[in-house]
Amino acid sequence: MEPHPLGIGIGLRLPHYDHILSEKPDVSWFEIISENFMVEGGRPLAILDRIIEQYQVVQHGVGLYPGNADGLDFDHLKRLKKLIQRTNTPWISDHLCWGSVDGTFSHDLLPMPYTTEAAKRIAANLRVAQDYLEIPLAVENVSSCAAFNADEMSEWEFLTEVVDLAEVGILLDVNNIYVSSINHGFDPMEYVDFIQPGRVMQIHIAGHSKYDRFIIDTHDHPVIDPVWKLYARAIERCGPIPTLLEWDAHIPSFEEVHNEALKASAYWDAEYLKTTLNRPQHAVPC
Amino acid sequence: MPSLAETQRRFFGALQRPFRGTGRRSTEMPASDKPHDPAFLKTADQLLRPSPTLIPAECLELYHRQYWFRLLDSLEEDFPGLIRLIGKDTFWKITEDYLLTHPSRSYTLRHLGRLMPRFVEKHLTDQPISHRAKSIAAIEWTMMECFEAANGITL
C-alpha cells in the first residue's frame, strides 16, 4: 500500500467555518466527521459543498461500530455511501470499537476485548463495510481505560490480526497509543514498532487531559512531546503518511490549530530528506 | 469467559444504570449519595481487570460517567427554552427519568430528544405549565428537524 500524496490536514470544525470560507487558508485537506453530514439538507450540507469546491475532504466516522457483536447497521452504511458519493473522499476511516447493542446507542467508542472471537467478528464486519462502500477503509486504534479479563493478546497484536483478516488499512492514532500506554502500563514504542508500515493509511495526532491516575483522550490541548516522539517513529517506519491533527473541544483560533498541525511537517520533511539522500544515485563518469 | 455478545450486553447495561458515583457530583443533577448498585460492581469485577492505578469498578465508572455526560450535554443543548421555562432542577430531574426510559435509538445524538415533548407533558401532569412545556419542547425538537431536513420546495 503506497502512501497517499495528501499532506498534513486538520479537522473541519464549526468555529472555523467562516474563517475557512472567507480566508481560504492553504490547508492540504480537511477531515470531516461523517455523521455530522449524514443529513438530507440544510446548513451542514451547504457548508460542506462549499468546502468540497475548494479542498480535499476525507471522511472519518464515529458510528460504524464494526466491533458490535450483532453486526453492522445497513441503514448507516447506506447513509455513509451516499455521503461518500458527495465528498469524493479517497478513503474513509472509523474506529476499532463497538458502541451499540440491539439498536440502543452509547455514542461512545467502547473498547474491544482482545480475543480471537472478537477479532474475527470485527474483521468480518470491516470486510463487509469495505466491500459495500467500495472505497478503501482504515480502522483507528482507540484510547481506552478498561481492559478485559478475557484478553488473549495485546492491543497491537489484536489490531494487526484484525486488519490482516479484514484486508483493511490502519488509521494510526499515536496520541491514543500514548493515552492507553499510560492507562494500561505498556511501552508505546513497542506498539508503534509492531505495526506493519504497509497497512498505515493515515495518522492522527492530538492532545489529551491528564488526571491523577488516568488520562482521557479529550482532543483539547496541544500535542505533547512524548506523542511527537511516537509520531516521529511512525513516520520513520511508515514514510510520509497523511496526518491529521484532532482538536475537538475548547477549540482555539484556526491559526493556532493549523500551526500546531504544521509542526508535524518537521518530521515529514526530515523523512522526505532522508529518503531523497538515501536514494541510489546514478554513477557520474569521471 | 462470556461471549462477545454477552460481554457487550453486560458492559452497556452497566453504563445505562442510574447515574451514580463521583461523576454525578460534577453535574447539575439533583444530588444523590447513592452508591453504584451491586450489579454494577459485579459486572466490573467479572468483565474487567484492574489497571496499574484503577480497580475494575473505577475503570467501568469512567465509561459510565462519559455516557451520562454526553447524553445530558446533548439534551441541555437541544432544549434551552424548556430549561428556562421549567427551571434547571425540574429539567434535570425529568431528563434523568427520560434517559432511563428512552435511551438513544439513533446513530446521532441530534435525535435523542425526539420523545421529550410528550414525556415532559406527562411528567408535569396536573401542573399548569405542562402544556406550555410540551409546546416549547416540541418547537425545539422541530428546530432540530429543520436543521437536518432536506431543503423545502420553492413556492
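In the text below, chain A, chain B and the rest are named by the order of the sequence lines, each starting its count at 1.
Within the model, atoms CZ of B/Arg105 and OG of A/Ser100 stand 9.0 Å from one another, a figure rounded to the nearest 0.5 Å. For the atom pair CD of A/Glu117 and OG1 of B/Thr7, the computed distance is 7.5 Å after rounding to the nearest 0.5 Å. With rounding to the nearest 0.5 angstrom, the CZ atom of A/Phe214 is 6.5 Å from the CG atom of B/Leu54. Between the CH2 atom in A/Trp98 and the CZ atom in B/Phe12 there is a gap of 7.0 Å [rounded to 0.5 Å]. Rounded to the nearest 0.5 Å, atoms OG1 (A/Thr116) and CG (B/Leu4) are 12.0 Å apart. Separating the OH atom in B/Tyr63 from the CG atom in A/Leu109 is a distance of 9.0 Å, to the nearest 0.5 Å.
For the set A/Ile216, A/Leu45, A/Asp151, the entry with the most heavy-atom pairs within less than 4.5 Å of chain B is A/Asp151. Highest contact tally toward chain B, considering only A/Arg121, A/Met112, A/His76, A/Arg79, is held by A/Arg79 [criterion: heavy-atom pairs under 4.5 Å]. Between chain B and the residues A/Asp70, A/Leu110, A/Thr115, the most heavy-atom pairs under 4.5 angstrom are made by A/Leu110. Chain B forms more heavy-atom pairs under 4.5 Å with one residue of A/Cys145, A/Gly63, A/Ala146 than with any other, namely A/Cys145. Chain B forms more heavy-atom pairs under 4.5 Å with one residue of A/Gly185, A/Gly99, A/Pro113, A/Pro111 than with any other, namely A/Pro111. Counting heavy-atom pairs closer than 4.5 Å to chain A, the top residue among B/Ala149, B/Ala5, B/Cys59, B/Ser106 is B/Ser106. Ranked by non-hydrogen atom pairs under 4.5 Å with chain A, the options B/Arg9, B/Met1, B/Glu6 are led by B/Met1. Ranked by heavy-atom pairs shorter than 4.5 Å toward chain B, the options A/Ala150, A/Gly42, A/Ala147 are led by A/Ala147.
Residues B/Gln16 and A/Thr104 have side chains in contact (heavy-atom distance under 4.5 Å, counting atoms from C-beta outward). Considering only heavy atoms from C-beta on, B/Gln8 comes within 4.5 Å of A/Val101 through its side chain. Within the 4.5 Å cutoff, no side-chain heavy atoms of B/Gln46 are placed close to those of A/Asn149.
In terms of heavy atoms, A/His107 sits closest to B/Thr108 at CE1-C, 3.6 Å. What you find for B/Arg110 and A/Met38 is that their closest heavy atoms are NH2-O, 4.0 Å. The nearest pair of heavy atoms linking A/Ser106 to B/Tyr67 is O-CD1, 3.7 Å.
Of the two parts of B/Leu60, neither the backbone nor the side chain holds a non-hydrogen atom closer than 4.5 Å to a non-hydrogen atom of chain A. Proximity to chain A (any heavy atom under 4.5 Å) is restricted, for B/Leu62, to the side chain, taken from C-beta onward. For a residue to count as touching a neighbouring chain, one of its non-hydrogen atoms must lie under 4.5 Å from one of that chain's; by this rule B/Gln66 touches chain A with the side chain only. Contacts between B/Arg70 and chain A at a heavy-atom distance below 4.5 Å involve the side chain alone, from C-beta outward.
Judged as a side chain to side chain donor-acceptor pair (under 3.5 Å), the pairs with a partner in residues 185-194 of chain A (not counting sequence neighbours) are, in order, A/Glu155-A/Tyr191, A/Asp193-A/Arg233.
Within a 6.0 Å radius of NE2 in B/His131, other residues, nucleotides and ligands contribute 12 heavy atoms or fewer. The neighbour count for A/Lys81 NZ, taken as heavy atoms of other residues, nucleotides or ligands under 6.0 Å away, is above 12. Applying the 6.0 Å contact sphere to CE of A/Met189 captures more than 12 heavy atoms from other residues, nucleotides or ligands. B/Asp89 CG: 12 or fewer foreign heavy atoms inside a 6.0 Å radius.
Ring pair A/Phe148/B/Phe11 is tilted by interplanar angle, where 30° to 60° counts as tilted.
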